[in-house]
Amino acid sequence: MNSHGSSLKGPHVNNGGGLVTFFIRGHLSDSAVKKGSFLGRLRHFIDVIDPSTLFVSEKRLKECVKLLDDYKHGELPPGVSDLQLWEAQKIKQAIIHPDTGEKIFMPFRMSGYVPFGTPIVIGLLLPNQTVVSTIIWQWLNQSHNACVNFANRNATKPTPTSEFLQGYVGAVTSAVSIAVGLNVLIQKANRLSPATRMIIQRLVPFPAVASANICNVGLMRHSELSEGIDVLDDNGNVVGSSKIAARHAITETAFTRVVLPMPIFVLPPIIMSYLERLRFLQSNRRLLLPVHSLVCLVTFGLSLPVAISLFPQMSQIEVSCLEPEIAMATDCKVLTYNKGL
């Protein structure tokens, strides 16, 4: 799944067959796409997280996959436009895993992250949390994150079920422990005014979720560190399996998981602390939850594409930085690997 370069208009088609781009593991790509700018990746991932792709039928998906296969082999029927090809690629990238070629379960796709994750975010940010409610919402959040991390991992190597369970237990334990511990400390801080205490309580989920997300990614993808991930040459051929590339992939993914919750868990509490002072909301308390939900939805929807655009999914690494046996197996100076999302 490659990021679109900001200057790329679309794959050029000449008489239904000319290929001026090459493919990496079956995905449209060219040098502008592969290197890409942040804005180019942002445009690409806005497409990938488009919730409308959740409603694509099986028939439509098969049509898109066939169209891209025809393009790859130079067998496009006459009249197929660039727009149709980009739309087909958008749908395939949003639904199909780039390594396994299999459909990702709807709630765990990046296009489903915001719709299925927003109710959990709202629950995490509700004021006056009890210990029990904190545990429940943190458990739900890390359960969802664990499944999203597993579904969007680099899958060039099989991951044992035990690795999934270790990541799940580790992430949930760390999130709950930190969140409950911070809540207890705040409740005992008698010097804080009630208003200040409420604002701080609303900010508690961020350090809990950020630290748990790092743990979640690391444990869910630990097998990549021990077995390595495939690195590819310019033609999409596997050169070898690299533990160094795996370390880069996991570090970059973990960083995005720290950046992602930052605006989600920091901005809504601050915004709501001001909105709740408005006379209109004070006299219409029933609107507080809908307004809170809308603020969370908008913040989440804006934060996700920015966070996952920080690094390209198909990342590149210099051969000189990789294992000696990989450097000896290719003449390429730069290799490509799927970072995962």
Side-chain angles (χ1 to χ4, degrees), residues 1-6 8-11 13 25-29 33 36 38-71 76 79-122 141 144-145 147-153 256-257 260-261 263-264 268 290 293-310 312-314 338-341:
M1 195 184 299
N2 304 317
S3 54
H4 302 341
S6 58
L8 190 63
K9 302 291 185 180
V13 181
R25 302 183 74 85
H27 293 277
L28 290 166
S29 174
V33 171
F38 171 77
L39 290 178
R41 293 194 298 270
L42 182 62
R43 288 173 56 196
H44 164 68
F45 283 118
I46 287 174
D47 278 347
V48 171
I49 69 166
D50 183 356
S52 68
T53 59
L54 296 172
F55 304 101
V56 172
S57 66
E58 186 70 24
K59 179 182 177 182
R60 173 64 174 146
L61 176 61
K62 289 180 179 178
E63 290 173 352
C64 292
V65 172
K66 184 179 184 304
L67 186 63
L68 294 174
D69 286 341
D70 289 344
Y71 178 85
L76 273 182
V80 176
S81 66
D82 290 357
L83 183 61
Q84 287 175 291
L85 285 169
W86 282 129
E87 182 66 19
Q89 183 177 239
K90 168 185 172 178
I91 290 173
K92 182 179 178 181
Q93 290 179 331
I95 299 175
I96 303 294
H97 193 285
D99 294 330
T100 65
E102 298 177 356
K103 287 176 63 176
I104 300 173
F105 186 48
M106 186 184 295
F108 309 143
R109 298 173 194 166
M110 280 298 163
S111 56
Y113 206 177
V114 173
F116 289 94
T118 297
I120 299 174
V121 170
I122 294 169
N141 184 53
H144 186 231
N145 285 345
C147 292
V148 170
N149 288 336
F150 184 79
N152 294 279
R153 72 196 185 284
T256 65
R257 293 301 193 274
L260 174 60
I264 297 173
S293 302
L294 180 61
V295 171
C296 291
L297 177 63
V298 172
T299 309
F300 198 174
L302 294 175
S303 301
L304 180 58
V306 171
I308 61 178
S309 298
L310 293 175
Q313 182 173 0
M314 297 303 296
N338 175 20
K339 173 183 68 67
L341 287 176

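- A donor-acceptor contact shorter than 3.5 Å is absent between the side chain of H44 and the backbone of P312.
- Closest of all the heavy-atom pairs between P268 and T299 is CG-OG1, 3.9 Å.
- Qualifying side-chain hydrogen bond (donor to acceptor under 3.5 Å, both in side chains) partners for N141, counting only residues two or more places apart in sequence or in other chains: none.
- I96 is listed as a side-chain neighbour of K103, based on a closest heavy-atom distance under 4.5 Å.
- The pair R43-D47 does not meet the salt-bridge criterion, since no charged nitrogen lies less than 4.0 angstrom from a carboxylate oxygen.
- When all heavy atoms of A94 and S111 are compared, the closest pair comes out as O-OG, 4.2 Å.
- Remark: the backbone N or O of I91 is not paired with any side-chain donor or acceptor of D50 at under 3.5 angstrom.
- Looking at residues two or more places apart in sequence or on another chain, you find a side chain to side chain contact (heavy atoms under 4.5 Å, CB included) between E63 and K59, R60.
- Listed by chain and number, the residues in a side chain to side chain contact (heavy atoms under 4.5 Å, CB included) with L297 are V114, T118 (sequence neighbours excluded).
- Evaluation of the side-chain hydrogen bond (donor to acceptor under 3.5 Å, both in side chains) rule for S57 yields no partner, not counting sequence neighbours.
- One distance of note links CE of M110 with CG of N152; it measures 4.5 Å at 0.5 Å rounding.
- Using a 30° and 60° split on the angle between ring planes, F300 and Y113 fall in the perpendicular class, above 60°.
- In terms of heavy-atom proximity, L260 sits nearest to L304 at CD1-CA, 3.5 Å.
- One side chain, R257 or N149, offers a donor N or O that lies under 3.5 Å from an acceptor on the other.
- Between the SG atom of C64 and the CG atom of D69 there is a distance of 11.0 Å, given to the nearest 0.5 Å.
- One finds the CZ atom of F45 at 5.5 Å from the OG atom of S309 (value rounded to the nearest 0.5 Å).
- Side-chain contact between L54 and P115 is present, with heavy atoms from C-beta onward closer than 4.5 Å.
- R109 pairs with exactly one of T53, I49, I95 by the side-chain contact (heavy atoms from CB on, under 4.5 Å) rule, that one being I95.
- Residues V306 and L42 share a closest heavy-atom pair of N-CD1, 3.9 Å.
- P98 places none of its side-chain heavy atoms less than 4.5 Å from the side chain of M314.
- Of the inter-residue distances, the one linking I122 atom CD1 with C296 atom SG reads 5.0 Å to the nearest 0.5 angstrom.
- When the side-chain hydrogen bond (donor to acceptor under 3.5 Å, both in side chains) test is applied to E87, no partner is found at least two apart in sequence or on another chain.
- What you find for P107 and V148 is that their closest heavy atoms are O-CG2, 4.4 Å.
- Take R153 and apply the side-chain hydrogen bond (donor to acceptor under 3.5 Å, both in side chains) test, not counting sequence neighbours, and it matches T159.
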